[in-house]
Amino acid sequence: MEEILENPLEDVMGETFLGLGLGHMDDFYSLLIRLAVNFVMVGIIARFFYYPKSKRRDYLFIFIIMAMSIFLLVSLMEGSKMKTGAALGLFAIFGIIRYRTEAIPIREMTYLFMLVSISVVNAMVVKMHWENILSLTLANLFFIFLAWLFESSKIINDSCSKYIKYDNVNLVAPEKRAELIADLEKRTGLKILSIEVGTIDFLKDSVLIRIFYDEKMDKGSSMMNLTRLPRAK
């Protein structure tokens with residue numbers, strides 16, 4: 001009886017709530033630290049790597065909310081005790097995501113997968129031992145390094161491209177390629193790097209052409225490769 005009176009809340013505080021040990025403040029502090037780290041990492045990648053090129057505030061909001069939701073979901077399902085199959089199942093869910101009005105552009109989908117991956121990695125580390133802290137730090141820095149590397153144009157050519165329905169098939173011939181490019185530059189006002197000629201319709205005197213050019217304002221735009229107007233909401 002005396003033992004019970006000395007620690008009246010021991011049994012209550014020793015229980016768990018949504019996988020979080022209430023009797024161990026270390027678990028609570030670990031959750032807060034990982035929550036803050038995940039928010040900072042997701043915010044850096046979404047705001048400073050994705051947003052400058054796309055200028056899409058709607059996707060910026062979605063990325064941050066989605067990533068933090070996944071982090072809390074995995075963390076409160078007991079983090080590292082959560083089966084790997086369940087964690088990978090989250091990717092399967094997002095792999096079939098499509099909005100009713102339009103499909104998610106490939107660049108936005110890639111960033112979504114990256115941010116979900118970061119959130120899962122941060123959520124799976126529960127015990128903040130120095131080995132886990134080192135692994136968590138290296139993993140987050142690696143994600144930031146990848147985003148910087150491929151957005152900095154050091155590895156891949158980040159020229160813009162768009163499809164144009166052109167109305168003069170007479171200039172499609174290979175020997176008139178320079179004249180074709182000159183006419184496209186005059187009409188679009190763009191400095192064209194190269195072109196690709198697609199389907200030719202002699203009945204309508206039109207041809208589908210894909211142009212490649214360098215324009216900072218168009219980089220990251222989800223409208224560049226649309227060939228028809230999106231369906232109205």
Side-chain angles (χ1 to χ4, degrees), residues 32-75 87 90-125 136-164 188-193 210-233:
L32 289 182
I33 293 172
R34 289 181 291 113
L35 181 67
V37 169
N38 191 69
F39 181 76
V40 171
M41 293 299 105
V42 168
I44 289 175
I45 292 178
R47 177 62 182 85
F48 296 104
F49 292 104
Y50 166 75
Y51 182 73
K53 288 186 177 181
S54 64
K55 304 296 182 183
R56 293 292 300 269
R57 292 180 180 272
D58 50 351
Y59 280 116
L60 178 66
F61 170 79
I62 290 172
F63 289 159
I64 295 176
I65 296 299
M66 186 76 73
M68 298 308 296
S69 299
I70 292 297
F71 172 84
L72 290 175
L73 174 64
V74 177
S75 294
L90 295 173
F91 291 95
I93 294 174
F94 296 114
I96 59 175
I97 286 181
R98 290 291 184 274
Y99 292 138
R100 295 182 64 87
T101 55
E102 61 176 337
I104 300 178
I106 187 65
R107 184 170 183 266
E108 279 70 14
M109 198 66 182
T110 302
Y111 268 99
L112 178 60
F113 274 112
M114 173 184 281
L115 297 177
V116 168
S117 300
I118 293 174
S119 300
V120 172
V121 169
N122 290 333
M124 296 287 279
V125 178
L136 193 65
T137 302
L138 292 176
N140 281 277
L141 291 178
F142 181 71
F143 279 113
I144 291 181
F145 172 74
L146 285 179
W148 169 82
L149 186 65
F150 289 101
E151 289 288 5
S152 64
S153 307
K154 301 298 182 182
I155 299 298
I156 59 175
N157 180 15
D158 64 341
S159 61
C160 304
S161 69
K162 66 175 57 181
Y163 293 96
I164 294 178
T188 62
L190 300 170
K191 180 60 179 178
I192 298 176
L193 304 176
R210 185 180 186 184
I211 65 171
F212 296 87
Y213 61 99
D214 189 12
E215 174 57 54
K216 289 184 179 180
M217 294 183 64
D218 285 352
K219 289 181 179 179
S221 172
S222 59
M223 291 289 293
M224 286 193 305
N225 295 326
L226 290 180
T227 56
R228 60 181 179 179
L229 292 175
R231 188 169 50 182
K233 295 182 180 181

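Keep in mind the model is a prediction, meaning the values are calculated, not measured.
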Chemist: Let me confirm one number: the CZ-NZ distance from Phe212 to Lys162, rounded to the nearest 0.5 Å.
Modeler: 13.0 Å

Chemist: Indicate the atoms forming the closest heavy-atom contact of Ile192 with Ile211, along with that distance.
Modeler: CD1-CG2, 4.2 Å

Chemist: Which distance, rounded to the nearest 0.5 Å, do you find between the OH of Tyr59 and the CE of Met109?
Modeler: 9.5 Å

Chemist: Is any side-chain heavy atom of Phe49 closer than 4.5 Å to one of Phe150?
Modeler: no

Chemist: Are Tyr213 and Lys191 close enough that some pair of their side-chain heavy atoms sits under 4.5 Å apart?
Modeler: no

Chemist: With rounding to the nearest 0.5 angstrom, report the CD1 to CD1 distance, Ile44 to Ile144.
Modeler: 4.5 Å

Chemist: Side-chain contact, heavy-atom cut-off 4.5 Å: Leu60 with Arg56?
Modeler: no

Chemist: Which pairs of donor and acceptor atoms, one on a side chain in residues 63-71, lie under 3.5 Å apart (sequence neighbours left out)?
Modeler:
from	atom 1	to	atom 2	distance (Å)
Ser69	OG	Ile65	O	2.7

Chemist: Report yes if some heavy atom in the side chain of Ser117 is under 4.5 Å from a heavy atom in the side chain of Phe143; otherwise report no.
Modeler: yes

Chemist: Would you give the length of the straight line joining atom CG of Asn122 to atom CE of Met41, rounded to the nearest 0.5 angstrom?
Modeler: 8.5 Å

Chemist: When rounded to the nearest 0.5 angstrom, what distance separates CD1 in Ile62 from CG in Leu115?
Modeler: 12.0 Å

Chemist: Does atom CZ of Phe39 have more than 12 heavy-atom neighbours from other groups under 6.0 Å away?
Modeler: no

Chemist: For the residue pair Glu108 / Tyr50, report whether a side-chain donor-acceptor contact shorter than 3.5 Å exists.
Modeler: yes

Chemist: Quick check: do Ser119 and Val74 have side-chain heavy atoms less than 4.5 Å from each other?
Modeler: no

Chemist: Between Arg34 and Leu136, is there a side-chain heavy-atom distance shorter than 4.5 Å?
Modeler: yes

